Amino acid sequence: MSGIIQFANKVFQPLIDLGAAPMMFIVLTLLAICMKVKFTKALEGGLKLAIALTAIGKVIDLLTGNFSPALEAFVKSTGIELSITDLGWAPLATIAWGSIYTLYFLFVLIIVNIVMLLLNKTDTLDVDIFNVWHPAFSGLIIMYYSNNNLLLATAFVVLLGVLKLINSDLMKPTFNNLLNMPDTNPTTTTHLNYMINPIIMLFDKIIDKLFPFLDKYDFDAAKLNQKIGFWGSKFAIGAYLGVFVGVLGHQDITTIFTLAFIGAACLELFSVIGSWFIAAVEPLSQGITNFLSSKFKGRKFNIGIDWPFVAGRPEMWAVANILAPILLILSLILPGNKILPLGGIIAMGITPALLIVTRGKMIRMIIIGILELPIFLWAGTAIAPFVTDLAKNVGAFPATLSSTTLISHSTCEGPIEKFLAIIIGKFGSNMNLSNALLLIGTLAIYLLLFVWYAKEMKKRNKQYATKDLENKKYA
């Protein structure tokens with residue numbers, strides 16, 4: 001099997017080495033052409049996606065690069081030692097794609113998707129090739145802890161692939177509703193950050209039972225922006241965060257102003273760029289829909305892309321900025337945490353899932369988000385030895401850091417899956433009874449929670465579908 005992986009890596013590694021934007025430009029364009037999309041339209045879609053990916057990455061770099069010195073100064077002034085450096089998602093993606101096994105896991109997930117489509121177990125075709133690094137990362141964790149047990153790693157990646165596709169189908173009606181997309185629009189996502197939906201759903205149901213009155217005080221971010229104008233806009237929210245971080249870091253007045261302006265610009269740009277993703281995938285979406293419809297008469301297909309197509313919802317950014325200072329403060333006092341949130345301070349691995357499960361209810365998003373933050377910090381701490389070792393092995397360890405420094409990501413998507421991967425990996429290296437029982441117990445809880453979540457989502461989708469029909473009837 002290692003020979004096959006080595007061969008595939010030699011063939012595709014030059015494409016991966018180009019980077020995320022060029023790779024996705026080529027992949028999306030070629031896929032669209034294969035689906036008989038007109039060449040100019042296919043090229044247009046590929047360019048738009050590459051531009052969107054590049055823009056999102058640059059804006060994130062601008063935000064974190066400017067905020068990090070102030071946050072580091074704040075930590076130094078408190079005397080608190082947090083030994084793990086938070087790189088953010090982009091360097092971790094580079095590290096993951098540096099492993100030859102990530103390409104192997106990509107092929108595994110493509111096969112999983114095709115089989116599920118043929119068996120009619122999903123309606124989603126996953127074209128988000130770049131973010132394969134998330135489930136692959138879990139597979140790599142298993143291999144790290146299990147002395148390279150590829151069988152266990154492959155089994156878990158297959159499980160994640162199946163669950164992600166099922167989840168993308170479950171979420172599709174909610175995307176339609178929240179983004180005012182017609183039922184004919186095939187856009188959905190298979191991103192791993194939505195695999196924390198069952199945990200959010202659990203908290204959401206607890207609020208339903210014990211604190212339903214909270215919804216009376218809820219507010220819609222978009223309506224709030226309309227009422228209070230600029231002071232509730234994404235511009236203003238970003239500026240508030242910049243001032244907050246600058247003051248915490250004891251920065252001079254010039255730097256505080258700079259952080260405020262950068263925060264304001266980045267928050268607004270995130271929303272604008274998010275809308276580009278839908279436009280980018282439209283040619284491929286239509287081509288795939290036409291192609292598959294001709295092969296599977298009467299069957300509709302969804303197209304799974306990256307999560308930023310929901311970035312136009314203001315609740316997501318408002319909550320991310322509210323959680324940012326809370327995440328920072330929590331990292332200083334949370335027992336067992338060793339990571340300072342810098343690259344991951346804007347918690348975009350958290351808020352998209354909160355938006356979908358709570359359907360944009362701001363108070364619920366904030367409360368559940370706060371309850372979730374420790375899970376992410378603990379996961380970031382737990383995987384740091386693995387991330388550091390992998391980065392050194394693939395030649396992606398930051399040259400500016402000491403070789404003894406541990407690196408990780410504070411709000412990396414799929415924290416539960418990373419804990420599971422560690423448990424599976426440790427079982428693979430030592431298959432004793434206690435490790436077997438721990439694995440069986442945690443995996444059973446994980447799967448049962450997902451099954452319960454799926455039933456709740458199906459029930460909710462039917463309820464909202466009925467409401468939509470009634471609204472259309474009396475409109």
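All values reported here derive from a predicted model rather than from experimental measurement.
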Can any side-chain N or O of T102 pair as donor or acceptor with the backbone N or O of A136 at less than 3.5 Å?
no
Can you check side-chain contact (heavy atoms from CB on, under 4.5 Å) on I370 and L323, steps first, answer last?
CA-CA 7 Å; I370 293 171; L323 293 181; 3.8 Å; yes
Could you grab the distance from atom CE of M201 to atom NZ of K455, nearest 0.5 Å is fine?
13.5 Å
Parallel under 30°, tilted from 30 to 60°, perpendicular over 60°: which one fits the rings of F175 and Y194?
perpendicular
Quick check: closest heavy atoms across M365 and T351, and the distance to 0.1 Å?
CE-O, 4.0 Å
Could you please spell out the steps behind the side-chain contact (heavy atoms from CB on, under 4.5 Å) verdict for L165 and K121?
CA-CA 9 Å; L165 289 167; K121 298 299 181 181; over 6 Å; no
Does any part of the side chain of N131, heavy atoms only, come nearer than 4.5 Å to the side chain of L192, both counted from C-beta?
no
Could you check if a side-chain atom of S410 sits within less than 4.5 angstrom of a side-chain atom of L340, using non-hydrogen atoms only?
no
Under a 3.5 Å threshold, yes or no: a donor from one side chain and an acceptor from the other, between T124 and D169?
yes
Here the pair of heavy atoms bringing M143 nearest to F105 is SD-CZ, 4.2 Å
Under 3.5 Å side-chain donor-acceptor pair for H191 and D128:
no
So do the side chains of T358 and F203 get within less than 4.5 Å of each other, counting heavy atoms only?
no
What distance separates I368 CD1 from L373 CG, expressed to the nearest 0.5 Å?
12.0 Å
Without swapping roles, check the side chain of R313 against the backbone of L178 for a donor-acceptor pair under 3.5 Å.
yes
Supply the atom-to-atom distance I424 CD1 to Y145 OH, rounded to the nearest 0.5 angstrom.
13.0 Å
Could you walk me through whether K338 and L406 pass side-chain contact (heavy atoms from CB on, under 4.5 Å), step by step?
CA-CA 10 Å; K338 297 295 181 182; L406 293 175; over 6 Å; no
NZ/NE/NH1/NH2 to OD/OE distance under 4.0 Å, K361 and E315:
no
Between R359 (side chain only) and N177 (backbone N and O only), is there a donor and an acceptor less than 3.5 Å apart?
no
Just do the side-chain hydrogen bond (donor to acceptor under 3.5 Å, both in side chains) check on D126 and T190 with the steps written out, would you?
CA-CA 7 Å; D126 187 6; T190 57; 2.9 Å; yes
Report yes if some heavy atom in the side chain of I422 is under 4.5 Å from a heavy atom in the side chain of I383; otherwise report no.
yes
Salt-bridge present (R364, D208; N to O < 4.0 Å)
yes
Side chain of K418, backbone of E413: donor and acceptor closer than 3.5 Å?
yes
Which heavy-atom pair separates T174 from I356 by the least distance, and what is that distance?
CG2-O, 3.6 Å
Is the shortest heavy-atom distance from the side chain of L330 to the side chain of P374 under 4.5 Å?
yes
To the nearest 0.5 Å, how far apart are CG in L377 and CG in D86?
9.0 Å
Verify whether one side chain among N176 and K172 offers a donor that lies under 3.5 Å from an acceptor in the other.
yes
Could you tell me which non-hydrogen atom of G369 sits nearest to which non-hydrogen atom of L354, and how far apart they are?
CA-CD1, 3.8 Å
Would the distance check show the side chain of N461 and the main-chain N or O of M457 forming a donor-acceptor pair, the cut-off being under 3.5 Å?
yes
Taking the ring of F107 and the ring of Y104, is the distance between their centroids below 6.0 Å?
no
Verify, without hydrogens or angle tests, whether T388 (side chain) and I407 (backbone) share a donor-acceptor contact under 3.5 angstrom.
yes
Taking the six-membered ring where the residue is Trp, are the ring centres of Y144 and F137 under 6.0 Å apart?
no
If you apply the rule side-chain hydrogen bond (donor to acceptor under 3.5 Å, both in side chains), what do you find for S331 with N337, and how did you get there?
CA-CA 6 Å; S331 71; N337 174 60; 4.6 Å; no
More than 12 foreign heavy atoms under 6.0 Å from NZ of K392: is that the case here?
yes
Would you give the length of the straight line joining atom CG of N302 to atom CE of M171, rounded to the nearest 0.5 angstrom?
10.5 Å
Note, M116 side chain near V112 side chain (heavy atom, < 4.5 Å)
yes
Over all atoms of both residues, closest heavy-atom pair of I84 and A384
CD1-CB, 3.6 Å
For the pair F450 and Y453, name the ring-plane relationship: parallel under 30°, tilted 30 to 60°, perpendicular over 60°.
tilted
Under a 3.5 Å distance rule, please check whether S99 uses its side chain to pair with a backbone N or O of A96 as donor and acceptor.
no
Do F419 and W378 have side chains that approach each other closer than 4.5 Å (heavy atoms only, starting at C-beta)?
yes
Quick check: do S138 and L160 have side-chain heavy atoms less than 4.5 Å from each other?
yes
What distance do E417 atom CD and M195 atom CE have between them, rounded to the nearest 0.5 Å?
5.5 Å
Can a donor-acceptor pair be found, under 3.5 Å and without considering hydrogens, that links the side chain of S408 to the backbone of G380?
yes
Heavy-atom closest pair, residues L439 and I423
CA-CG2, 3.8 Å
In sequence, state the C-alpha distance, the side-chain angles, and the governing distance for T187 and L179, and then conclude on side-chain contact (heavy atoms from CB on, under 4.5 Å).
CA-CA 11 Å; T187 308; L179 301 177; over 6 Å; no
